[in-house]
Amino acid sequence: MNDKYDIIVVGAGHAGCEAASSAGKMGMNVLLVTMNMNTIAQMSCNPATGGVAKGQIVREIDALGGLSGIVSDRSSIQFRMLNRSKGPAMWSPRAQNDRFLFSKYWREELEANPNVHFWQDSVTGLLIDGDSVIGVSTKLGASIYGKKVVITAGTFMNGLIHVGLNNFEGGRVGDEASLGLSDSLTDFGFEMGRMKTGTPPRVDGRSLDYSKMEEQPGDEAPSKFSFDSKIKPVSNQRSCWITYTNLETHSILEEGFDESPMFTGRIKSLGPRYCPSIEDKINRFKERDRHQIFVEPEGWDTCEIYVNGFSTSLPMDTQFKAIKTIPGFENVKFFRPGYAIEYDFFNPQGLDHTLCSKNLRNLYLAGQVNGTTGYEEAAAQGLVAGINASLSVKEKEPFILRRDESYIGVLIDDLVLKGTDEPYRMFTSRAEFRILLRQDNADARLSQYGFELGLLSKRRYEDFTIKYDKISQATDDIKSLSADPKILNTYLKDKNSSELKQKMKYDKVISRPNVHIQEMALEDDKLNSTIIGLTSEELESLEILIKYEGYIKREKEVAEKMLRLESVKIPASLEFEKLSSLSSEAVEKLNNIKPQTIGEASRISGVSPADVSVLLVACGR
């Protein structure tokens with residue numbers, strides 16, 4: 001262990017893998033320290049990637065040159081585009097994955113990167129020189145030195161697993177907890193808290209009766225996460241299934257509340273609000289007589305099933321008795337029970353927008369240690385931390401994404417300015433510019449960055465430029481083309497759209513609801529000639545750009561107005577307590593978080609518009 005590394009990444013979950021991969025691609029000498037080489041990129045919870053807003057994050061990671069989308073596409077067993085019935089700002093890709101292949105492909109990608117090295121051990125502390133981190137110490141007694149350290153310990157720091165009244169230390173079932181590192185961070189002034197998450201039972205799919213369930217197949221024409229033309233969508237797909245709990249299920253679960261760690265006070269920390277345990281659901285929503293259960297296969301070559309929607313920490317006998325009342329589960333056999341896990345996290349307000357600590361130089365935190373939940377949020381943070389740690393080694397300007405540029409920017413901005421006291425999960429509603437942040441245009445927003453950082457290959461960048469040149473040309477051609485009533489009125493009538501009384505520019509027709517370019521092109525050869533050569537993905541982007549042009553333009557204007565506040569820097573020498581017109585709460589929050597711009601200050605909870613006006617005056621505006 002005499003080598004000195006550029007970057008040491010602690011933990012090989014989704015955040016750690018993206019951090020190590022990005023840093024390695026940027027030419028850094030990287031050491032990835034993991035407690036178990038056999039569980040790299042383990043899908044500890046559900047065997048799926050993406051979902052509402054999370055799918056947009058995965059596409060953004062791919063556009064920047066990260067690997068989560070590619071690994072997910074290669075290991076997919078089903079793909080669905082959620083929210084198709086809503087506007088394109090809400091469309092969210094989601095894939096079911098083979099959890100074994102997901103981990104396998106991630107490890108192969110990391111091992112194929114010559115700059116990424118591995119060490120199996122548990123990090124128990126930090127090596128400090130003054131106010132700077134210079135390395136890590138481990139359980140095996142090693143002292144490993146590095147210029148930057150990225151901590152991505154997930155749920156492992158002082159992890160405590162609960163099943164009924166029984167509890168034991170662990171980062172997840174079958175893996176030890178990480179001990180010592182959390183105390184080390186607390187000693188250096190980090191504000192620590194506890195959070196909870198949970199997981200449902202895994203069961204034997206051979207013991208289920210699928211005839212009593214509703215089949216949920218993948219999309220007929222599945223898409224994919226990665227914009228890479230060499231990555232193909234899943235061809236064969238495995239179905240998921242839907243069933244429901246009932247009043248008998250709820251009654252049995254309630255009988256176990258006396259031995260529930262949630263209701264007996266053994267678990268004091270908060271769990272994810274939007275992914276509650278089954279006992280929490282029946283307690284909070286007493287008026288409901290059933291709750292949806294998703295029956296999800298764990299992979300191609302296994303009979304193991306993930307019972308999504310039945311997350312629980314109740315005693316094993318209660319879990320088993322209750323789940324047998326669910327249609328299709330009458331003869332169920334368990335592989336292992338559900339459980340809850342409590343773990344340490346650190347207030348992300350102690351970080352700046354690069355995810356670097358404000359307390360200790362050279363230290364970055366990413367993933368669930370920052371209070372988030374979900375693979376996608378973790379991977380995004382790992383990518384950003386890996387990029388910024390690498391840029392810092394190179395003494396280059398940091399990489400910070402704005403809220404109008406990406407969901408990743410929204411995620412990190414929310415964390416470092418607002419903090420969180422419950423597991424943070426991304427939703428489309430958290431983004432004020434979601435019309436700009438669609439899943440279809442993540443490459444248009446972020447590919448330039450990925451290429452400049454050295455993460456996106458020249459081939460991928462050239463493919464990106466060709467794609468948008470084609471879309472731009474087709475847009476111009478369509479705007480110059482007129483629709484003929486004689487050709488189009490039959491189609492418009494079938495679509496319950498007003499018939500044309502005279503010729504009209506095609507972009508005006510396309511902006512109508514329920515009409516689609518590809519369908520109209522079947523009626524009009526001139527229109528068809530403008531879109532020949534476009535892929536289905538390119539056609540989709542083209543139609544969205546034309547159909548929602550007015551909305552997109554207005555949202556860009558709002559974003560530009562808000563961006564002006566980001567350009568107003570707050571001097572480091574400004575003493576907030578001397579501004580008598582600031583509220584006392586604003587002074588406290590501003591001193592704690594130390595925003596660098598008026599825009600950042602305006603998004604801090606407790607800083608009012610009146611406070612922002614005072615700051616503008618103090619900054620000479």
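Proximity of a side-chain donor or acceptor of S311 to a complementary backbone N or O of T199 within less than 3.5 Å is detected. Of the possible polar contacts, none joining the T302 side chain to the G299 backbone as a donor-acceptor pair under 3.5 Å is found. A donor-acceptor pair under 3.5 Å is absent between the side-chain atoms of K232 and the main chain of K224, judged by distance alone. S21 places no side-chain N or O within donor-acceptor distance of the main-chain N or O of E18, the cut-off being under 3.5 Å. At least one donor-acceptor pair closer than 3.5 Å links the side chain of R445 to the backbone N or O of R438. In this structure, the side chain of E60 does not engage the main chain of V58 through any donor-acceptor pair within 3.5 Å. At distances below 3.5 Å, at least one donor-acceptor pair connects side-chain atoms of Y375 with backbone N or O atoms of N46. At least one donor-acceptor pair under 3.5 Å links the side chain of R512 to the backbone N or O of S498.
Using a 4.0 Å cut-off between charged nitrogen and carboxylate oxygen, K526 and D524 do not count as a salt-bridge pair. For the pair K230 and D228, the salt-bridge criterion is not met [side-chain N within less than 4.0 Å of a carboxylate O]. The pair E538-K470 meets the salt-bridge criterion, since a charged nitrogen lies less than 4.0 angstrom from a carboxylate oxygen. Comment: E566 engages R603 in a salt bridge, judged by a side-chain N to carboxylate O separation of less than 4.0 angstrom. K486 has no carboxylate O lying under 4.0 Å from a charged side-chain N of D484, or vice versa, which leaves the two without a salt bridge.
Cation-pi contact between R59 and F227: present, with separation from the ring centre below 6.0 Å and deviation from the ring axis of at most 45°. Geometric assessment of R288 against the ring of F285 yields a positive cation-pi assignment under the 6.0 Å and 45° thresholds. For the pair R84 and W91, the cation sits on the ring face: its NZ or CZ lies under 6.0 Å from the ring centre, inside 45° of the axis.
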*Begin with the C-alpha distance, continue with both residues' side-chain angles, and end with the deciding distance and a verdict on side-chain contact (heavy atoms from CB on, under 4.5 Å) for I326 and Y244.*
CA-CA 6 Å; I326 297 174; Y244 297 87; over 6 Å; no
*Any chance you could lay out the side chain to side chain donor-acceptor pair (under 3.5 Å) test for R403 and S406, step after step, and finish with the verdict?*
CA-CA 6 Å; R403 295 181 70 92; S406 67; over 6 Å; no
*Hey, mind stepping through T373 and Y424 against side-chain contact (heavy atoms from CB on, under 4.5 Å) and telling me if it holds?*
CA-CA 6 Å; T373 180; Y424 178 103; 5.9 Å; no
*Applying side-chain contact (heavy atoms from CB on, under 4.5 Å), run through N388 and L391 and close with a yes or a no.*
CA-CA 5 Å; N388 278 305; L391 291 172; 4.1 Å; yes
*Start with the C-alpha distance between D209 and S211, add both sets of side-chain angles, then the distance that settles side chain to side chain donor-acceptor pair (under 3.5 Å), and finish with yes or no.*
CA-CA 6 Å; D209 183 353; S211 68; 2.5 Å; yes
_Apply side chain to side chain donor-acceptor pair (under 3.5 Å) to residues S511 and E549 and explain how you reach the verdict._
CA-CA 8 Å; S511 65; E549 183 179 28; over 6 Å; no
_Stepwise side-chain contact (heavy atoms from CB on, under 4.5 Å) test for Y468 and D443_ = CA-CA 10 Å; Y468 281 96; D443 56 342; 2.7 Å; yes
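Closest heavy-atom contact between I387 and S22: N-OG, 3.8 Å. Taking each heavy atom of D219 and M81 in turn, the nearest pair found is OD2-N, 2.8 Å. Residues L411 and E377 come closest through the heavy atom pair CD2-O, 3.7 Å.
Between Y449 and F399, the ring-plane angle classifies as perpendicular under the 30° and 60° cut-offs.
Within a 6.0 Å sphere centred on CD of E557, other residues, nucleotides and ligands contribute more than 12 heavy atoms. The 12-atom threshold is exceeded at CD of E537, counting heavy atoms of other residues, nucleotides or ligands nearer than 6.0 Å.
Under the ring pair (Phe, Tyr, Trp, His ring centres under 6.0 Å) criterion, the residue pairs touching residues 43-84 are F79-F225, with sequence neighbours excluded.
Applying the side chain to side chain donor-acceptor pair (under 3.5 Å) criterion to H291, with sequence neighbours excluded, gives no partner residue.
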